[in-house]
Each structure stands twice: as structure tokens, then as C-alpha cells.
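Proteins come first, then strands; the chains are lettered A, B, ... in the order of their sequence lines, and each starts at number 1. Reckoned from all heavy atoms, side chains included, excluding hydrogens, waters and symmetry mates.
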Amino acid sequence: MVGASVLNQPQQFLIPHEKKSPDIDFNLKGKECISLLKTCKNMKEFKQVHCQILKMGFFWSSFCASNLVSTCALSEWGSMDYACSIFEQIDDPTSFEFNTMIRGYTKDFNSKEAIFTYIDMLEIGVEPDNFTYPALLKACALLSAVKEGKQIHGQIFKLGFVEDVFVQNSLINMYGKCGLLRHSCEVFEQMDFKTVASWSAIIGAHANLGMWADCIRLFSNMSQEGCWRAEESTLVSVLSACTHLGALDLGKCTHGYLLRNLSGFNVAVETCLMDMYIRCGSLDKGMSLFQEMVGKNHKSYSVIISGLATHGYGEKALTIFEQMLEEGLKPDDVIYVGVLSACRNGGLVEKGMKYFNRMRLEHRIEPTIQHYGCIVDLMGRVGMVYEAFELIKKMPMDPNDVIWRSLLSSCKVHQNVELGEIAAENLFKLNTQNGGDYIMLSNIYAQAQRWHDVSLTRVKMVNKGLGQVVGSSLVEVKRKVHKFVSNDKSHHEFHEIYEMLHQMEWQLKFEGYSPDTSQVLLDVDEEEKRERLSAHSQKLAIAFSLIHTCEGSPIRIVRNVRMCSDCHTYTKLISVIYQREIIVRDRNIFHHFRDGICSCKDYW
DNA sequence: GACCGCAAAT
């Protein structure tokens, strides 16, 4: 029989057991020990096997001890405390045991202890091997420990492990995670033989820093250099790059690649694909992926709900949310942000309030500042600016810049100078260095014809050394992403683009369009205002797409800042004249322009 | 006698 006290106290395992038990195999050999350990599915079973091995004499073979440590340290159900107590009983630990301990600590995100284990190893005089460094570098990557990482790189060099491809890949990753991309690239370029993991690591390093265009460039180099067998993880980085760049065609190719090379995806990849389609503007495709998905989890629901919300389908998002509840999944705070933003984007005030209360009372979720942000925005949107202000005052936390900016923007739409000034004052106190906030306030003054305040605000902005963020528009044509900024003349086809722009304007005039020059708050004459307005980046991107895409195909644009109301009106008319669906993603939502109407119902 | 590796997301 196995005693309970032994089960719970590993330190007793040196006490020999005298009583023989019929269910214990006393002829346990090394290989059998491994196969026995492999059958363990939890800590309880492991402890039983542990006892069984002890009874036949623990130090019969150090091999048994090694395997006990590695099973306990590396299994899903394992415990590092327990592994440690076994490890400490080993008289002459080898590099194998040390490596196992380092990996185990790293797996538990206890990178500090992993590094200490390595230091112990050196002090005891155990030589690290080529298995030691990948494990250790991973620990440094998790901690973003640049100093340690560099020191270890030096040791790797001295000990001659620098040619090991696993070590090289780990170095690329470590430097990437520490933000030292240049070092990652150096290691990568010096490699004689690159594996899929090397490419994955270097692409991942660029993805970590948001260098999306480089991710895609590297991905295409990868196949050119003969590395074809990309794996899920590589493609996830690529998909993520497509998502950020709004590169739908490339995302579709990646999807195809996944379909051709893998049999069945896991939920994470499916959700990632769904997110890519939705955030690249193809809501339909994302929706059908969602419906075909088996084993939907919180993340998948979260992606679809906030996706529907950003595309302006508030009601549909709420229906999916109800479905989720029916399936027995418990909502969390993230999903509720999606739900409340669905109400906000759809202008559903009553429903928004209802869900806000339900979140607190029924699902016992404490509202975070994001939830309050949604409600403030929701109230502001429908003109309840004073109510929104009251709510801000009652919030249990200090309002942040997002909250005040939201109120400020509502005050602009509903032309409320008094509250706008209060919102701006609070916003400026937070010192977020956002030039756009000053522009917003000066817009409010401009609408009220208070020109003196307009110029005062602008002077303040300049004195603070702030400027407006340069607005840009991305558009993908033939799997290549083109970027335009206002008045851009750097594109090699700029003559054709400006020619197209003139044609478009000429046709727009027939539809009764006249540029809304109030959007240009510069001290320049009317003619120059018109000039500046006519070459906003979004208009350039539309002109470029009209030249290069076939009739009737949709145009998808990704913007870095909110579009001005002139661009909004302009795009609505273009969608009628050229019979195109134009989908514009700005920082917050999607605008679907079709037949002269926008899905945002003219509120954004 | 032989046990361990790198890259990895929504």
C-alpha cells in the first residue's frame, strides 16, 4: 500500500520501504520507468509512480531521477515546487537536469528562477550544452532581459555554440522580444542554413515592433529563398500584418496557403483569419467563417461582436451576444466592451443602458473605464452631452483622455461651446501631447464664428510644439499596399492620379458637390483651401484605385486618422457616380459607402 | 541504456 504521508512529502523518499505490496513491480527497469511516467495524467498519479520508483530504490539509476524531474517539470499538470524537491535530492546533477529545470521555470513564466538555475549550474561546474541556451534565451526573451541576453550571447560565442541553428533561432527571438531588431537581423543574416523557425523568428521580431510591411516582405523572401513549408505560427504573423495594413488580397492568399498546406486549423488560427477578414473590411467572409467554426470560444465571440459593432451592425452584434449566452458561455469584461460599442455605433441608447446595468447586476462585472467610455460616447452621440458630463463626474475612477476626448468630440457635433471648453480644459491638463485635441477645440470655436479663440487655440498648440498627425490612407492594389498622404506627389503615377482627381471633381460638381472649406482651419485664401481639400489622402487613394481596379469592384481604404466631413460627403457621392462600394476603415469604425449612403449614418 | 531542444496568435 502507498502511504499518504509519502505522497505529500517527497523529502521522505529515502526511507526504504520494507513491506512488499503485490501491486508494485519491484523489477522496474529504466525504460519501464519512462513508460510508467508517460501514463501519468495528473499530479496524483505522478506521486504514486514516484513512490513506486522509490520503493525499488531511488538511486538504482540516476536515469530514473532525471525522468522524474523532467516529467514533473515539463508536464502540463506538473509542479515546479515538487520538481525542485526531487532535483535537490540528486547528488551529481548533469546538464540534462539543469536544462529541464530551466525549461520548467520558463514554462511557468518564472524566468528569474530559470536564470538563477543557470548561474547555479555554472557555479557547481556543470558544463552547459547546446540544449541549455535555447531554454535560457527563451527565459531572457520573456523577461526582456537585454543585459543578461547579451552576456549569454557572449558565452555562447566563447563556448562555440554559435553555429547551432536552434541557438541562432533563439537569439533572433530573444533580441526581437527585447526590441533590439538590429541584433536579430545580424544573427539572421549571418546564418548559413535557415530553417522555417528562423524565418518565423525574424518575421515575428518585426511583427513585435509593428513593422508590418517588413513582415510581408520577409514572407515573400522566404519562399524565394526556397523555404516553402511555412507553418501556422509564421502565417499568423503574416495574417496579423495583413490585418494591420488592410491588405485583404494578401490575407486571402495566406488563407489559401493555409488551406493548401494544413489539414484543419485550430481555433486560434480560425479566429485570427476571421479577424483579418473583418478588419480588412470583408465582414461577410468573416461572418461565414464564424458560422462554420466548431468550438467557438470567448475570443471568437469577442472578435465577431466587436467586428459587427465596428461595421455598424449593432443589432446583429447583440443577437450574437444573446446566442453566446444561450450556449452557456459566461460573458467577460472584454465582450461587454464589444456589446456596448455595438450599442454606441448603432446609436442604441436604451439598449446600451440596459446592457450596462445587466453587466453589473446580472453578470457581476465591475465596469472599467472602457465601459464608461462607451456610455459617455453613446450619450454624446445622441446629444445627451450634459448627461454624459454628469456620468463622468460620477465615475469611480479618474477620467482619462479617451473619456474627455469623446465628450469634446460630441460637443463639436452638437455645437456646445460651453461643455466643449470644459472637456478640452480637462484634456489639456492630462498633457497627452495630442495636437488633434487642439484642432478639435478650434473647430468648435470656428463653428461658433469665434475666430479670435480659433487663433488663440492654434497658437497654444504651436507653443506646445504640437502638430496635427499627418493623415494617411492605405490602399491595396494587386496585392501591393500603396500609401498616400495629403497633397502627396511622391507616387510615381502622380500625374495620372491628379488627372483622375480633376475628372472626378468635374463629375461631382454635376451632383451638386461643393467643397466644405470650413474643414481647412488655416489662414489661407479660399482658393488654396479648395486646393488643399481636393488632395486629401483619401481622395488620392480613391483616384488611384479607380484607375487600377475593374468596374464594380469594391475599394478598401485604411486610414490612420478620422476622416474629415468633406471627405465623407465626397466619398458618398463617388459611390453613386462610379457605382462602387467604398469601404474605409478609420481608427474606430468602418464606413461602408454604397449608393450615396454611409453605414455610419453620418456619425463617426 | 537514454530522457531535453528553437519560432507561436485571436
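Atoms NZ (Lys38(A)) and P (dC3(B)) sit 9 Å apart, rounded to a whole Å. Rounded to whole angstrom, the span from the CD1 atom of Ile156(A) across to the C1' atom of dC6(B) amounts to 12 Å. One atom, NZ of Lys107(A), and another, C1' of dC4(B), lie 13 Å apart when rounded to the nearest Å. One can place NE2 of His244(A) at 13 Å from P of dA9(B), the figure rounded to the nearest angstrom. Atom C1' of nucleotide dC3(B) and atom CD1 of Ile86(A) are separated by 15 Å, given to the nearest angstrom. Atom CD1 in Ile172(A) sits roughly 9 Å away from atom C1' in dC6(B) (whole-Å rounding). One can place CZ of Phe131(A) at 12 Å from C1' of dA2(B), the figure rounded to the nearest angstrom. Atom CG in Leu289(A) sits about 17 Å away from atom P in dT10(B), given to the nearest Å.
Nearest nucleotide to the side chain of Glu232(A), out of dA9(B), dA7(B), dC4(B): dA9(B). With distances taken from any side-chain atom of Ala197(A) to the nucleotides dT10(B), dC6(B), dG5(B), the minimum falls on dC6(B). The side chain of Val236(A) lies closest to dA9(B) when the candidates are dC6(B), dA9(B), dC4(B). Distances from the side chain of Asn169(A) to the nucleotides dC6(B), dC4(B), dG5(B) place dC6(B) closest. Closest to the side chain of Asn266(A), from the set dA7(B), dA9(B), dC4(B), is dA9(B). Comparing atom distances between the Asn99(A) side chain and each of dA8(B), dC4(B), dA9(B) picks out dC4(B) as nearest. Across dA7(B), dT10(B), dC4(B), the shortest atom-to-atom separation from the side chain of Lys138(A) is found for dA7(B). Checking dA7(B), dA8(B), dT10(B) against every side-chain atom of Lys177(A), the shortest atom distance belongs to dA8(B). Among the nucleotides dA7(B), dA9(B), dC6(B), the one closest to any side-chain atom of Ala268(A) is dA9(B).
Look at Asn67(A) and you won't find any side-chain N or O under 4.0 angstrom from OP1 or OP2 of dC4(B).
Within a 6.0 Å sphere centred on CD of Glu322(A), other residues, nucleotides and ligands contribute more than 12 heavy atoms.
Within the nucleic acid shown, Ser170(A) comes within 4.0 Å of sugar-phosphate atoms alone, with no base atom in reach, counting heavy atoms only. Within the 4.0 angstrom heavy-atom criterion, base atoms lie near Asn130(A). Residue-level contact check: Val269(A) touches the bases, meaning some heavy atom is under 4.0 Å from a base atom.
No side-chain N or O of Tyr175(A) forms a donor-acceptor pair with one of Glu186(A) less than 3.5 Å apart.
Gln168(A) places none of its side-chain heavy atoms less than 4.5 Å from the side chain of Phe188(A).
Under the stacking criterion of a centre-to-centre distance below 5.5 angstrom and an interplanar angle below 30°, Phe96(A) is not stacked against the six-membered ring of dC4(B). In this structure, Phe166(A) does not pack face-to-face on the six-membered ring of dC6(B), missing the 5.5 Å centre cutoff or the 30° plane limit.
Side chain of Thr106(A) to backbone of Ile102(A): a donor-acceptor contact under 3.5 angstrom is found. Under the 3.5 Å distance criterion, the side-chain polar atoms of His371(A) are matched with a main-chain donor or acceptor of Thr368(A).
The only member of Glu123(A), Gln155(A), Glu113(A) that meets side-chain hydrogen bond (donor to acceptor under 3.5 Å, both in side chains) when paired with Tyr118(A) is Gln155(A).
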